[in-house]
Structures are given as C-alpha cells and as structure tokens.
Amino acid sequence: GPGATPTSMTAKRRVRRKPEDAEREILDAAERLLREIRFRDLTVDAVAAAANMRRSNFYNYFKDRNELIVRLVDRIGDEMFA
C-alpha cells in the first residue's frame, strides 16, 4: 500500500560489480547519455541512474563529475586514435 518501500525489488536489481566493471558501466552510461543530452546537463544523478546504481555508489569510483568527464574524454580520445 502507500508508504510501502519496494525493498525486495531494489535488492534484486542491485548487482555486485568488480570495480573495473563498475567504472566501465559508469563510463558507458555517460556516453549513452551524451547522445541524448548536452554535455553541461550530464549530472552525477543522471549517470548513476543510467548505470543502475545509487548516486553514493558513483562516488566509490569517481571523485566527482569532473573526474568522470576527464576519464570520458580520455576514453573517447583513445577510441578516436585507435
């Protein structure tokens, strides 16, 4: 009913990831989002949601939005020059 929390649902959806997998999933999610939104609209909240994780989990892998962006630019650069 009202006020009930869907804990069993969220518990099932949450996945234990290896750190490098989680980082890759966050970067993948950010790249997907950038096909739909402007760079300046890329937020930690949006990326965390797209990666299917909590905002607090995002900070286990990236210090902040700027670190994410630096890593994303590095990654895109590597792909362009590969």
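If you read the sequence from its start, that first residue is 1, and numbering goes on from there.
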Hey, any chance M53 and I69 share a hydrophobic cluster, counting ILVMFWY side chains that come within less than 4.5 Å of each other, even indirectly? yes
Would L27 and L68 count as a side chain to side chain contact (heavy atoms under 4.5 Å, CB included) if you check the C-alpha gap in whole Å, the side-chain angles of each, and the deciding distance to 0.1 Å? CA-CA 7 Å; L27 290 165; L68 170 69; 3.7 Å; yes
Pairing residues for N60 by the side chain to side chain contact (heavy atoms under 4.5 Å, CB included) criterion, not counting sequence neighbours: N57
Does anything in residues 27-38 form a side-chain hydrogen bond (donor to acceptor under 3.5 Å, both in side chains)? List the pairs, not counting sequence neighbours. D28-R75, E31-R75, R38-D41
Salt bridge (Lys or Arg N to Asp or Glu O under 4.0 Å) with R24: which residues, sequence neighbours excluded? D21
Tell me which one of Y59, Y61, F62 satisfies side-chain contact (heavy atoms from CB on, under 4.5 Å) with E67. F62
For A29 and A51, work out which heavy atoms get closest and say how close. CB-N, 3.7 Å
Give the cluster check for V73 versus V70: same hydrophobic cluster or not, with ILVMFWY residues linked at side-chain heavy-atom distances below 4.5 Å. no
Just how far is it from atom CG of L72 to atom CG of L33, taken to the nearest 0.5 Å? 10.0 Å
Between R65 and L42, is there a donor-acceptor pair closer than 3.5 Å when you use the side chain of the first and the backbone of the second? yes
